[in-house]
Amino acid sequence: MKLKIATLLFLVLTLGFACKMEDKTTPEYATKAFIEAFNKGDFPNIYKHTPAKEHIIIEQIEKMMNEDKDRYEKVKKNRVEIISVTCKEASDSTAVCHGVYKLNGQEKSDDFSLKKEDDHWCVRLSL
């Protein structure tokens, strides 16, 4: 009897956590992760959510941040709250997303162009 209860409890908890997990294969997820990483100077995750061909741009930003340690420490403390991200897939490998978020309490909105690279959605940089 105790084994049945323990098994049932395990299944309920597992299903509960599985239902709350966000699908990491969507352009919405990639956009949210990029917004958060970019605004906090989380370079490993910025690289993860941008196309490889554009990493040279991220390298330059990272270099500038590392040269100004005080500014970089400030950026790391940014508070980012994602309000909404909506995406329209233009094809199997491209999408356009609109993100609304708060950065240190100030509401912002941006549009993001994404492309799929090795079955992974990446935010394209436009400077």
### Task
Give the C-alpha distance, both sets of side-chain angles, the deciding distance and a yes or no for side-chain contact (heavy atoms from CB on, under 4.5 Å) between H55 and T50.
CA-CA 7 Å; H55 286 178; T50 54; 3.2 Å; yes
### Query
side-chain contact (heavy atoms from CB on, under 4.5 Å) between E117 and K115: does it pass, once the steps are laid out?
CA-CA 6 Å; E117 187 173 271; K115 77 175 205 169; 3.8 Å; yes
### Task
Just do the side-chain contact (heavy atoms from CB on, under 4.5 Å) check on E89 and W121 with the steps written out, would you?
CA-CA 11 Å; E89 291 186 41; W121 285 102; 3.7 Å; yes
### Task
Let me see the working for R71 and M64 under side-chain contact (heavy atoms from CB on, under 4.5 Å), right down to the final yes or no.
CA-CA 10 Å; R71 182 175 177 206; M64 287 188 316; 5.8 Å; no
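Annotation: side chain of T26 is not in contact with side chain of C87 (no heavy-atom distance under 4.5 Å). The shortest distance between side-chain heavy atoms of N45 and K48 falls below 4.5 Å. Using a 4.5 Å heavy-atom cutoff, the side chains of I82 and I35 are in contact.
For the atom pair K88 NZ and L114 CG, the distance stands at 14.5 Å (nearest 0.5 Å). One distance of note links CZ of F38 with CG of L125; it measures 7.0 Å at 0.5 Å rounding. Between the CD atom in E28 and the OG1 atom in T31 there is a gap of 7.0 Å [rounded to 0.5 Å]. Going from atom SG of C122 over to atom NZ of K53 covers 12.0 Å, rounded to the nearest 0.5 Å. E81 contributes atom CD, which lies 5.5 Å from atom CD1 of I83 (distance to the nearest 0.5 angstrom). If you take CG on L103 and NZ on K40, they are separated by 10.0 Å, rounding to the nearest 0.5 Å.
Ring planes of F43 and Y47: tilted class, angle from 30 to 60°.
Take Y101 and apply the ring-ring contact (aromatic ring centres under 6.0 Å, His included) test, not counting sequence neighbours, and it matches no residue. T86 meets the side chain to side chain contact (heavy atoms under 4.5 Å, CB included) test with H98; sequence neighbours excluded.
Annotation: cation-pi geometry not satisfied between K74 and Y72 (NZ/CZ under 6.0 angstrom from ring centroid, within 45° of ring axis).
With hydrogens and angles ignored, the 3.5 Å screen pairs no side-chain donor or acceptor of E54 with any backbone N or O of R124. The backbone N or O of T25 lies less than 3.5 Å from a partner atom in the side chain of D23, making a donor-acceptor pair.
Cluster membership check: V80 shares its hydrophobic cluster with V75, using side-chain heavy-atom separations under 4.5 Å among Ile, Leu, Val, Met, Phe, Trp and Tyr.
Shown here is D92, whose CG atom has no more than 12 heavy atoms of other residues, nucleotides or ligands within 6.0 Å.
Checking N104 against N78 by side-chain atom types alone, a donor-acceptor pair falls below 3.5 Å.
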